[in-house]
J.: 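One structure, pasted below without further comment.
These numbers come from the heavy atoms of this one structure, side chains and all, not from hydrogens, waters or symmetry mates.
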Amino acid sequence: MTGTEATATTPLDGLRVLDLATLFAGPLAATLLGDFGAEVVKVEHPTKPDPSRGHGPAKDGIGLWWKHLGRNKRTITLDLSRPGGRATLLRLAAGADVIIENFRPGTLEKWDLGWEELSAVNPRLVLTRVTAFGQFGPYAHRPGFGTLAEAMSGFAAVTGEPDAPPTLPPFGLADSITALATAYAVMTALAARERTGEGQVVDMAIIEPMLAVLGPGPLWYDQLGYVQERTGNRSANNAPRNTYRTADGTWVAVSTSAQSIAERVLRLVGRPDLIDEPWFATGAGRATHADVLDAAVGAWIAARTRTEVLAAFEKAEAAVAPVQDVRDVMADPQYLALDTVTAVDDPELGRIRMQNVLFRLSATPGAIRWPGRPHGADTEEVLTELGLTPADLSALRAEGAL
């Protein structure tokens, strides 16, 4: 659903969120809530807007990343360090359910906008604090971004070829994972509020969700002293598992996490004899013979076009996928069927396409109601709804708070 198709049946209708965060992890969490009906107000500094507006390619001077990240949000400006800005935020907080912020620990407190002040005006508020390292500990006051979490968590250490440097992702992986975790944390805190009637503080450190998705590495090390190494596209738990080049110069990815799939793949590529090897009976055993298996699968795939490979794998009920870039994604029939990349009308750019809401709900679906709006576009409207008069707005502007 997009645009005017959105209705009041969205599951988070009536939930009020103040997005004070910048860049990606906190703001994307607010976007995920807004996609399912939350009323999100994006609060930005009057002269220093969210840097995400300037990240990545732009069209006609309009940042495209913001169109995605800022969707379903009304935008206002407010300088929280000024008395008028502080007072206005407290008025907004009194009627909000959630605040999402990612200032360095102590910044809100410096402005007398910490948990003590916010909870005093609204005991039901959920204050969500997203930082690189958390609110306490020896690193708490260090500046940090998702890249540091990708390095510290162990992700970079296990990513890349064995004889190559550790590899960082070319996109905001840690920020995106943290955004998902933050949206989950917010909903968990709201569920607790239903029982207790009281809000609380969510302390989200970007280094932690990144570690959580890496699997049982700490447990392996604790119990076995095992340290996972870089294996490229291969896995220590199963084989064949790799990317393979086709005859027409494209690539496909093959996975054989299930024993039955591994057997189907080897029959398909004409090497059923390998199935009878004792080591083939387990994923770990197959992984120790990845060279043999990759040679068999790779040679078979190299002799065929991608279309032929995909058709043969599908007929054999074996797991394969094309390695796609964004051009392929935009034309992929499965993504098209799911409307994963959907079209949205934008007042500045016209018809634009972006990722749709994250999942489908049969009774209360989410929606992209509008793409990211200009800096401060809704300031007057939002603050007038709050009860501020034209004279109040003029005074705030004179102070530099708007």
J.: Taking only residues at least two apart or on different chains, which pairs with a member in residues 295-310 satisfy side-chain hydrogen bond (donor to acceptor under 3.5 Å, both in side chains)?
T.: Thr305-Glu308
J.: Applying salt bridge (charged side-chain N to carboxylate O under 4.0 Å, His left out), which residue pairs with at least one partner in residues 82-96 are found, sequence neighbours left out?
T.: Asp79-Arg82
J.: What side-chain donor-acceptor pairs closer than 3.5 Å can you find for residues 311-319, not counting sequence neighbours?
T.:
none

J.: Output all residues satisfying side chain to side chain donor-acceptor pair (under 3.5 Å) with Asn102, sequence neighbours left out; order by chain, then residue number.
T.: none
J.: Measure from the side-chain N and O atoms of His375 to the backbone N and O of His45, and report whether any donor-acceptor pair falls under 3.5 Å.
T.: yes
J.: Between Glu39 and Arg74 (salt bridge meaning N to carboxylate O under 4.0 Å), is one present in this structure?
T.: yes
J.: Nearest 0.5 Å please: distance from the CD1 atom of Ile177 over to the CD atom of Glu208.
T.: 13.5 Å
J.: Give me the one residue out of Arg71, Arg369, Gln355 that meets side-chain hydrogen bond (donor to acceptor under 3.5 Å, both in side chains) with Asp35.
T.: Arg71
J.: Which heavy atom of Thr75 sits nearest to which heavy atom of Arg53, and what is that distance?
T.: CG2-NH2, 3.7 Å
J.: Do Arg271 and Leu293 have side chains that approach each other closer than 4.5 Å (heavy atoms only, starting at C-beta)?
T.: no
J.: Output every pair passing side-chain hydrogen bond (donor to acceptor under 3.5 Å, both in side chains) with a member in residues 159-181, not counting sequence neighbours, ordered by first then second residue.
T.: none
J.: Between Ala321 and Leu310, which heavy-atom pair has the shortest distance, and what is it?
T.: C-CD2, 4.3 Å
J.: Is there a donor-acceptor pair under 3.5 Å between the side chain of Glu44 and the backbone N or O of Asp50?
T.: yes
J.: To the nearest 0.5 Å, tell me how far Leu388 CG sits from Leu92 CG.
T.: 8.5 Å
J.: Looking only at atom types and distance, does a side-chain atom of Thr107 sit under 3.5 Å from a main-chain N or O of Arg104, one as donor and one as acceptor?
T.: yes
J.: Checking the side chain of Thr131 only, and the main-chain atoms of Gly134 only, is there a donor and an acceptor separated by less than 3.5 Å?
T.: yes
J.: Looking at side-chain heavy atoms only, is the closest gap between Thr340 and Asp332 below 4.5 Å?
T.: no
J.: Hey, is Glu380 close enough to Arg397 for a salt bridge, meaning N to O under 4.0 Å?
T.: yes
J.: Does Trp66 reach the side chain of Pro49, with side-chain heavy atoms less than 4.5 Å apart?
T.: no
J.: Verify, without hydrogens or angle tests, whether Asp60 (side chain) and Leu349 (backbone) share a donor-acceptor contact under 3.5 angstrom.
T.: no
J.: Closest approach of Ala236 and Ala287, non-hydrogen atoms and distance?
T.: O-CB, 3.6 Å
J.: Can you check whether Val344's main-chain N or O pairs, donor with acceptor, with Trp370's side chain at less than 3.5 Å?
T.: no
J.: Find out whether Leu20 and Ile100 are in side-chain contact, i.e. whether some heavy atom of one side chain is under 4.5 Å from a heavy atom of the other.
T.: no
J.: So, does Lys42 use its side chain to make a donor-acceptor pair with the main chain of Ala21 at under 3.5 Å?
T.: yes
J.: What is the ring orientation for Trp220 with Tyr226, classed by angle as parallel under 30°, tilted 30 to 60°, or perpendicular over 60°?
T.: perpendicular
J.: Specify the closest pair of heavy atoms between Ala253 and Val323, including all atoms of both residues, with the distance to one decimal.
T.: N-CG2, 4.1 Å
J.: Does the plane of the ring in Tyr139 sit parallel, tilted or perpendicular to the ring in Phe133? Use 30° and 60° as the thresholds.
T.: perpendicular
J.: Show me the donor-acceptor pairs, under 3.5 Å and distance only, between side chains in residues 22-34 and residues at least two apart or in other chains.
T.:
from, atom 1, to, atom 2, distance (Å)
Thr31, OG1, Pro27, O, 3.0
Thr31, OG1, Leu69, O, 2.5
Thr31, OG1, Lys73, NZ, 3.2

J.: Is the shortest side-chain N to carboxylate O distance from Glu101 to Arg129 below 4.0 Å?
T.: yes
J.: Using only atom types and a distance under 3.5 Å, with no angle test, would you say the side chain of Glu150 pairs donor to acceptor with the backbone of Ala174?
T.: yes
